[in-house]
Amino acid sequence: MFAAYILLLVVVVYRVVSGFMGSADLSWMHNFAPVSAVALCGAAFLPRRGAVLLPLAMLLISDVILNVFVYHQPLLTFDIVPRYAALILISALGYALRNRAHLPQLLGASLAGSVIFFFVTNTGSWITDPGYAKTLAGWTQAVTTGLPGYPSTWWFYRQTLLGDMFFTALFVGCMALQQRMAVPAPEKHESLVPW
């Protein structure tokens, strides 16, 4: 499990560092983040005691760092509530895949997690952001075009989906590599025929 803990730390550091790097030069990175992959894969691979709480705690710490030092927001904002509600649902998907978490299942769960994250967080924005009318048309705007002056929410979803798939595949690949390296090689038998 050492590799899982290191990988969790690396992807959270990636998230914080990409936040500090700003958006001007790296606009393609908006929402290309390991957030859902950490929740999904952490719940699937980490020991039961920390499978859900540890990844969510690490993400919360990174949110606090980003809010204070990058976005200049309060430590915790109401925007975090829908985000963590979505992450808890995604963790439940990962937890359901424990002991049978393979790449196809986790990529399918990652796709489902991206959809969950998209609808839950954009519905949260629709509820809290005064820029959206509190009508069906306002909710439709929140999950399609978004607010004027920003890229569409579909663009953000595409970035989220790409990040979720990439980081989930990276996590599964690293876990498979660690497992392969941890299995002792069969003992070589000396040949009876001298060559």
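The shown structure was predicted, so the numbers you read here are calculated from the model rather than taken from an experiment.
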Donor-acceptor contacts, no H, no angles, side chain residues 37-66, under 3.5 Å, sequence neighbours left out:
unit_1, atom_1, unit_2, atom_2, d
R48, NH1, Y95, OH, 3.0
S62, OG, R15, NH1, 2.6
S62, OG, L59, O, 2.7
D63, OD1, R15, NH1, 3.2
D63, OD1, R15, NH2, 2.6
D63, OD1, R83, NH1, 2.9
D63, OD2, R83, NH1, 3.1
D63, OD2, Y84, OH, 2.7

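- Residues satisfying the side chain to side chain contact (heavy atoms under 4.5 Å, CB included) criterion with T140, sequence neighbours excluded, are L136, T144.
- Aromatic pair Y150/F156: centroids not less than 6.0 angstrom apart.
- Across all their heavy atoms, A33 and Y14 have their closest contact at CA-CE2, 4.3 Å.
- Partners of V13 under the side chain to side chain contact (heavy atoms under 4.5 Å, CB included) rule, at least two apart in sequence or in another chain, are L9, V17.
- Rounding to the nearest 0.5 Å places CG of L106 at 12.0 Å from CG of D164.
- Connection of F119 to V81 is not established within any shared hydrophobic cluster, with ILVMFWY side chains joined at heavy-atom distances below 4.5 Å, either directly or through further cluster members.
- Among residues at least two apart or in separate chains, side chain to side chain donor-acceptor pair (under 3.5 Å) pairs with a member in residues 121-130 are T123-W139.
- With sequence neighbours excluded, the residues that form a side chain to side chain donor-acceptor pair (under 3.5 Å) with T168 are S110.
- In this structure, the side chains of F117 and L87 come closer than 4.5 Å at one or more pairs of heavy atoms.
- A distance of 7.5 Å separates CG of L93 from CG of L89, quoted to the nearest 0.5 Å.
- Looking at residues two or more places apart in sequence or on another chain, you find a ring-ring contact (aromatic ring centres under 6.0 Å, His included) between Y157 and F118.
- Here Q141 contributes atom CD and T153 contributes atom OG1; the two are 9.0 Å apart, rounded to the nearest 0.5 Å.
- The two atoms that bring G124 and P82 nearest to each other are CA-CG, 3.7 Å, heavy atoms only.
- When the ring-ring contact (aromatic ring centres under 6.0 Å, His included) test is applied to F166, the partners found at least two apart in sequence or on another chain are F32.
- In this structure, the separation between CG on L103 and CE on M175 is 13.5 Å, given to the nearest 0.5 Å.
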